[in-house]
Amino acid sequence: MLEGRQKQEKREGLPDLKNVQDKKIVLRFAPNPNGPLSFGHARGIVINGTYAKEHAGTLILRFDDTDTTVKPPTLSAYDLIPEEVEWLLGRPADRIVIASNRISQYYEHAEKMLNEGFGYVCKCSADAFRKFRESKTNCPCRDKSIEQNQEDWNKMLDGTYKPGDAVVRVKTDMTLKNPALRDWPALRMQDTEINPHPRPSIGSKYKVWPLLDFQSAVEDYLQGVTHIIRGKDLMDSTRKQTLLYEHFGWTYPETIYWGRVKVHEWGGFSTSKMRASIENGEYQGWDDPRLPTIQGLQTRGIQAEALRNFWVELGVTQKDISVPLASLFSHNTKIIDDDAPRLSFIRNPVEIQIKGDVPSHVNIPVHPNHEDQGVRRISFDQSSIFIEQDDSVETYRLKEFADLEENGVLGSVERTDKRPIIHWVSSTTSEESTLIIPDQEEMKFISGRIETNNYPIGTIVQLERIGYAILTAKGYLLMHE
RNA sequence: GCUCGUAUAGUGUAGUGGCCCAUCAUGAAGGACUCUCAUUCCUUCGACCCGGGUUCAAAUCCCGGUACGAGCACCA
């Protein structure tokens, strides 16, 4: 039993979760619904979703929409995001929680905090408090009586205080080593008259709003979240929230972190930056194939399964990583190749009259590895073909057809030499079309001729010797090689 | 500045004291198959940040350094 331990093998899939014994795990993915989901969000969905699936647990989709001023939510995102999650996972989230529906729960916990003396209403300005934080000294508001805190809390709720006048803080310890943890703010006021919440049912209803660390912590507890997988930029959040959990007597969930991911070809896109570029017309919309949004990837023919495999392969390390798009494309190719019918697209077409023994038609396989996909019938009523200009300088063999000699004379049908093989279309069985290349800088449109076919829009094909492309209303959008 | 974190081939990743002159994928190069510059298959290339220490034994533990990243918001 001890002998012959196996040669080291790479672990398959995601690392094991700690603390999973005898309980149903509950995970959550919590974006701010302030726009469509991006490539980076996909990681959160895929990793949380995969763990939930592996352990037959629950995946909660939670909208952390508690900021109406700095990062105000977008109404359409509430419908869009669940659809994007479902597309990516192939199943919907088990439960959707909207923070703005649950303000009263957060108030209850804020009041409990005040009543039990581990929270207080602080009337220092942000600036003034920063000085206390830096000098590790208590602010005067810290020692107020419970009654006085309750009174101030009510003045927050009824709007006697204005945004900036008062916040509720969690009492931690002003001498804590980590400055980020010192009496951190839990709830603040927002002017929802000027900046109403976009959801009509919420609108200007509340003046006091929880901040992420408080809202998220309380909600995780209320929903029974067992495992949190989040960016390592939120490590201090974990520490802040753990302090709050101790006050409440709760046990903090198991937490895993990941680092930042950059894609070589995409630098840094932020939601706000993308929004601006779309508004000024640089991009067609959120679904522009050049954009690192879920929608953009969909437009570009990236399969949900490829995205899942891609993220699982990257795993959940805390390293900041930078990955090439080729890695994602490689996953995508594996999924689409068997089902992608082959077609010829001729860029910069050069017409050649063919002479000699021209048949009425030839049949070419739809897919070289799958005979059952049938044949494409190419007709020669006009006795002419198109080849790419770049291919017109030497003697070649027309793929699946015959050798092409000087002056357009057809040569041997059998392959008799090693001359290079090129793709081509017949004039009869082809039509004008466009190859669309989504380059980072600009969309490139290359006109040419596509082999006639009746594939519906959305079909993923392989343009021989060019790459995989998806059929759109405007032509063939090149996905990747 | 204070606090926290991470460092394995070009890019990712496995590995928690001996199976490791280090796993797998991707990439690059070459080859086989193929009437595609595709797919599939094979081969090759290529890495434990640096310096100490602990130990019979360290990629794995400790200390120091360096690099990179993050937090210190009444944003998420």
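Protein chains get the first letters and strands the later ones, always in sequence-line order, with residue 1 at the start of each.
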> What residue pairs, at least two apart or across chains, pass salt bridge (charged side-chain N to carboxylate O under 4.0 Å, His left out) with a residue in residues 204-221 of chain A?
Replying inline: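 Every pair satisfying salt bridge (charged side-chain N to carboxylate O under 4.0 Å, His left out) with a residue in residues 204-221 of chain A: A:Arg28-A:Asp220, A:Arg62-A:Asp220, A:Arg102-A:Glu219, A:Asp213-A:Lys240.
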> With sequence neighbours left out, which residue pairs that include part of residues 302-313 of chain A fulfil the side chain to side chain donor-acceptor pair (under 3.5 Å) condition?
Replying inline: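 Sorted pair list: A:Glu313-A:His331.
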Checking contacts here: which listed nucleotide ([options]) is nearest the side-chain heavy atoms of [X]?
X	options	result
A:Gln462	B:rA76, B:rC35, B:rA38	B:rA38
A:Arg260	B:rG69, B:rC74, B:rU39	B:rG69
A:Ser327	B:rU26, B:rC35, B:rA76	B:rU26
A:Asp67	B:rU36, B:rA38, B:rA76	B:rA76
A:Arg342	B:rC74, B:rU36, B:rC35	B:rU36

> Which part of the nucleic acid, if any, lies within reach of A:Leu463 when heavy atoms closer than 4.0 Å are counted: base, sugar-phosphate only, or nothing?
Replying inline: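 Touches nothing.
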> With sugar-phosphate meaning primed atoms plus P, OP1 and OP2, does A:Gly164 contact a base, only sugar-phosphate, or nothing at under 4.0 Å between heavy atoms?
Replying inline: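 Base contact - A:Gly164 has a heavy atom under 4.0 Å of at least one base atom.
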>> Tell me which residues in residues 359-376 of chain A lie within less than 4.0 Å of RNA chain B, going by non-hydrogen atoms.
In response: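 Here the set is A:Pro368, A:Asn369.
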> Quick one: which of A:Lys171, A:Lys136, A:Arg142 gives a salt bridge (Lys or Arg N to Asp or Glu O under 4.0 Å) with A:Asp183?
Replying inline: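 Among A:Lys171, A:Lys136, A:Arg142, the one meeting salt bridge (Lys or Arg N to Asp or Glu O under 4.0 Å) with A:Asp183 is A:Arg142.
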>> Ring centroids only, cut at 6.0 angstrom: are A:Trp153 and A:Tyr107 within range, meaning strictly under it?
In response: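 Yes - the distance between ring centres of A:Trp153 and A:Tyr107 falls below the 6.0 Å cut-off.
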>> For nucleotides 3-13 of chain B, give me one character per nucleotide, 5' to 3': B if any protein heavy atom sits under 4.0 Å from the base, S if the only such contacts are to the sugar-phosphate, - if neither.
In response: SSSSSS--SBB
[X]: which residues meet the side-chain contact (heavy atoms from CB on, under 4.5 Å) condition with it, sequence neighbours left out?
X	value
A:Tyr221	A:Tyr245, A:Trp250
A:Ile437	A:Leu435, A:Asp439, A:Lys444, A:Ile446, A:Leu478
A:Asn149	A:Leu114, A:Tyr120, A:Val121, A:Lys144
A:Glu414	A:Ser412

>> Roughly how many Å apart are B:rA29 and B:rU13, using the C1' atom of each and rounding to a whole number?
In response: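 Their C1' atoms lie roughly 23 Å apart.
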N/O to N/O distances under 3.5 Å, protein versus nucleotides 58-66 of chain B:
none

>> By the ring pair (Phe, Tyr, Trp, His ring centres under 6.0 Å) test, which pairs, at least two apart or in different chains, include something from residues 357-379 of chain A?
In response: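 Passing the test, one end in residues 357-379 of chain A: A:His367-A:His370.
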>> Pair A:Gln190, A:Asn195 - check side-chain hydrogen bond (donor to acceptor under 3.5 Å, both in side chains), show working.
In response: CA-CA 8 Å; A:Gln190 297 191 96; A:Asn195 296 303; over 6 Å; no
> Does a side-chain N-to-carboxylate-O contact under 4.0 Å join A:Arg376 and A:Glu464?
Replying inline: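 Yes, this pair counts.
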> Between A:Arg260 and A:Asp233, is there a salt bridge with N-O shorter than 4.0 Å?
Replying inline: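 No, A:Asp233 and A:Arg260 are not salt-bridged.
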> Dot-bracket for RNA chain B, 5' to 3', counting Watson-Crick or G-U wobble pairs under 3.5 Å, with [ ] for crossing pairs and | for inter-strand pairs?
Replying inline: (((((((..(((.....[.....)))((((((.......))))))...(((((..]....))))))))))))....
> A:His227: what forms a ring pair (Phe, Tyr, Trp, His ring centres under 6.0 Å) with it, not counting sequence neighbours?
Replying inline: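 If we apply the ring pair (Phe, Tyr, Trp, His ring centres under 6.0 Å) test to A:His227, skipping adjacent residues, there are no hits.
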